[in-house]
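In what follows, a single structure is set out as structure tokens and then discussed.
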Amino acid sequence: MSSGFDSPFPGDLPSPRISDLARPRGPGGDPGYLEGLNPEQRAAVETTEGPVLVLAGAGTGKTRVLTTRLAHILSTGRARPWELLAVTFTNKAAREMRERITHIIGAEAEGLRWLGTFHSVAAQILRRHAELLGLKSSYTIIDNDDQERLLKQLIEAENVDAKRWTPKILAGMIDNWKNKGWTPDRVPPAEGGEFANGKGVTLYRQYQERLRILNACDFGDLLLHNITLFTSHPDVLTDYQTRFKYVMVDEYQDTNIAQYLWLRLLAQGRQNVCCVGDDDQSIYGWRGAEVDNILRFERDFPGAKVVKLERNYRSTEHILAAASGLITANKDRLGKTLWTGETGGEKVKVSGVWDGEAESRMVADEIE
């Protein structure tokens, strides 16, 4: 019996190293890192020029496609490592991507300085140009506790009841505004009137000014300051548009408006942008994710090629049938149908429970 990390399915197999397998193999004379890719995966890897949207269903090998695509661009000499921008959502996903690329191309992966999360890349850019935004390159990033302490001081200075209008509530509102790309002067009046009888925007403005004096910013500022930098200094934007020959984004369905605006600004230069995502897996609306970002990709980048990864290497036939039957009821989706070569499998059981506590008990009983 194989371990949980071994898979008989080609979509999940570790990619081979270029140094070992880049020389031609097989009747087609292809480099070894393309071995084992199915036709759709290969199309996503080899379509390097122009905008590409890869609709990757669950278990279809999207991480392998992303990493192999980066390796393909590098191994064919289309770009050098520092000319690639690749962003994802978590540090764990970024580490995994870097490890897989290193496995393929070896030490050359160390030059991928612009591979990371949205916020880590934005922080790098902000360090370089902080003075253009009234900060120093040594700025600090405050955490949630520091943010709420600072907001409490401002709320009390405005003679607002901090027990009724708590710093935590205001911090959440400001974070939401920043996720939408709103600086204090862009917050709609209706939005700003929800806190302390209309004092929300005033407090937001005071908070931003205090952060500037402290040479600090919060997590949401990293992207917001980047957007301000690019829109206020077109020469800086042009420099990065020229620098990044290829742009790649993972989990595109989970981007919020600020991330979308940041990406669109950077990608509009060369338009060699590849976004990988799944409109059927957008579950983070509660934290500002906008599934419309992936739905409008073809409008933002006319002539974009859409590649659908529909072969699932993770689940059995019955599981995919149940999932597909459910998801087809969704209205806002681009449409794809997952399939697998693994027929049969254990049938899905549907159980009804009253609430989350009853569900937890049922799961625990089943495990026991």
Side-chain angles (χ1 to χ4, degrees), residues 66-67 69-70 73-74 79-102 105 107-143 146-147 175 178-179 181 183 208 211-212 214-252 254-270 272-276 288:
L66 268 173
T67 52
R69 192 175 196 275
L70 280 165
I73 289 171
L74 291 171
R80 292 169 291 184
W82 53 90
E83 295 172 329
L84 297 174
L85 170 64
V87 288
T88 186
F89 275 83
T90 65
N91 289 319
K92 179 181 177 182
R95 280 195 304 272
E96 181 183 359
M97 194 181 300
R98 187 177 294 276
E99 287 167 3
R100 290 203 188 195
I101 296 171
T102 301
I105 66 175
E108 191 178 356
E110 295 176 7
L112 291 167
R113 60 175 303 179
W114 301 104
L115 188 160
T117 64
F118 278 92
H119 291 90
S120 68
V121 172
Q124 282 191 69
I125 293 173
L126 185 56
R127 294 271 179 214
R128 289 165 156 246
H129 308 282
E131 65 283 351
L132 296 177
L133 297 163
L135 296 170
K136 298 176 182 176
S137 60
S138 59
Y139 70 83
T140 57
I141 303 172
I142 65 172
D143 60 20
D146 289 334
Q147 182 186 26
D175 185 57
K178 290 183 178 183
N179 285 340
T183 52
Q208 292 300 99
L211 286 176
R212 187 189 64 78
L214 295 171
N215 191 37
C217 60
D218 62 26
F219 202 58
D221 279 326
L222 297 174
L223 282 163
L224 189 66
H225 284 335
N226 268 226
I227 293 169
T228 301
L229 172 69
F230 292 153
T231 53
S232 302
H233 300 275
D235 57 321
V236 175
L237 175 60
T238 300
D239 177 55
Y240 283 100
Q241 287 177 336
T242 304
R243 179 191 308 265
F244 299 137
K245 292 186 176 180
Y246 296 91
V247 177
M248 273 163 277
V249 185
D250 191 16
E251 304 290 4
Y252 190 54
D254 290 334
T255 52
N256 59 36
I257 293 175
Q259 290 162 336
Y260 164 79
L261 293 172
W262 179 84
L263 172 68
R264 194 174 66 173
L265 284 166
L266 288 171
Q268 285 294 348
R270 296 178 182 269
N272 289 333
V273 55
C274 175
C275 291
V276 180

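Just so it is clear, the model here is predicted, and its values are computed rather than measured. Computed over heavy atoms, backbone and side chain alike; hydrogens, waters and symmetry mates excluded.
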Problem set entry | Stepwise side-chain contact (heavy atoms from CB on, under 4.5 Å) test for Leu84 and Val247 | CA-CA 6 Å; Leu84 297 174; Val247 177; over 6 Å; no
Which atoms form the tightest heavy-atom contact between [X] and [Y], and what is the distance?
X	Y	result
Leu70	Ala86	CD1-CB, 4.2 Å
Gly181	Ala258	N-CB, 4.1 Å
Cys275	Leu263	SG-CD2, 3.9 Å
Ala123	Tyr139	O-OH, 3.1 Å
Leu115	Ala94	CD2-O, 3.6 Å

With [X] via salt bridge (Lys or Arg N to Asp or Glu O under 4.0 Å) - residues at least two apart:
X	value
Arg113	none
Arg264	Asp300
Glu99	none

For this session: Could you tell me whether the side chain of Ser232 and the main chain of Leu229 form a donor-acceptor pair under 3.5 Å?
Result: no
Problem set entry | Backbone N/O of Ile227 and side chain of Thr231: donor-acceptor pair under 3.5 Å | yes
List for me each residue that meets side-chain contact (heavy atoms from CB on, under 4.5 Å) alongside [X], sequence neighbours excluded, and say none if there are none.
X	value
Ala122	Leu222, Leu223, Asn226, Trp262
Asp143	Asp145, Asp146
Thr242	Thr238, Arg270
Thr90	Lys92, Ala93

Exercise. Are there more than 12 heavy atoms of other residues, nucleotides or ligands under 6.0 Å from atom CD of Gln124?
Worked result: yes
To the closest 0.5 Å, what do you measure between [atom1] ([X]) and [atom2] ([Y])?
X	Y	atom1	atom2	answer
Glu96	Thr88	CD	OG1	9.5 Å
Asp250	Phe89	CG	CZ	8.5 Å
Arg69	Leu74	CZ	CG	11.5 Å
Leu112	Glu110	CG	CD	10.0 Å
Trp114	Ser120	CH2	OG	10.0 Å
Phe230	Asp235	CZ	CG	11.0 Å

For this session: For the pair His119 and Phe219, name the ring-plane relationship: parallel under 30°, tilted 30 to 60°, perpendicular over 60°.
Result: parallel
For this session: Could you pull out all residues at least two apart from Gln147 that satisfy side chain to side chain donor-acceptor pair (under 3.5 Å)?
Result: Tyr207, Asp218
Exercise. What residues form a side chain to side chain donor-acceptor pair (under 3.5 Å) with Asn91, not counting sequence neighbours?
Worked result: none
For this session: Starting from the C-alpha separation in whole Å, work towards a yes-or-no answer on side-chain contact (heavy atoms from CB on, under 4.5 Å) for Ile142 and Cys217.
Result: CA-CA 6 Å; Ile142 65 172; Cys217 60; over 6 Å; no
For this session: Let me see the working for Leu85 and Met248 under side-chain contact (heavy atoms from CB on, under 4.5 Å), right down to the final yes or no.
Result: CA-CA 6 Å; Leu85 170 64; Met248 273 163 277; over 6 Å; no
Exercise. Regarding Gln208 and Asp221, is there a side-chain donor-to-acceptor distance under 3.5 Å anywhere?
Worked result: yes
Exercise. Do the side chains of Thr183 and Thr228 get nearer than 4.5 Å, heavy atoms only?
Worked result: yes
For this session: Keeping to residues at least two apart or across chains, list the salt bridge (Lys or Arg N to Asp or Glu O under 4.0 Å) pairs with something in residues 117-130.
Result: none
Problem set entry | Pairs touching residues 238-247 that satisfy salt bridge (Lys or Arg N to Asp or Glu O under 4.0 Å), sequence neighbours left out | Glu83-Lys245, Asp239-Arg243
Could you list the donor-acceptor pairs under 3.5 angstrom formed by side chains in residues 129-138, with sequence neighbours left out?
from   : atom 1 : to     : atom 2 : distance (Å)
His129 : NE2    : Tyr240 : OH     : 2.8
Ser138 : OG     : Asn215 : ND2    : 3.4

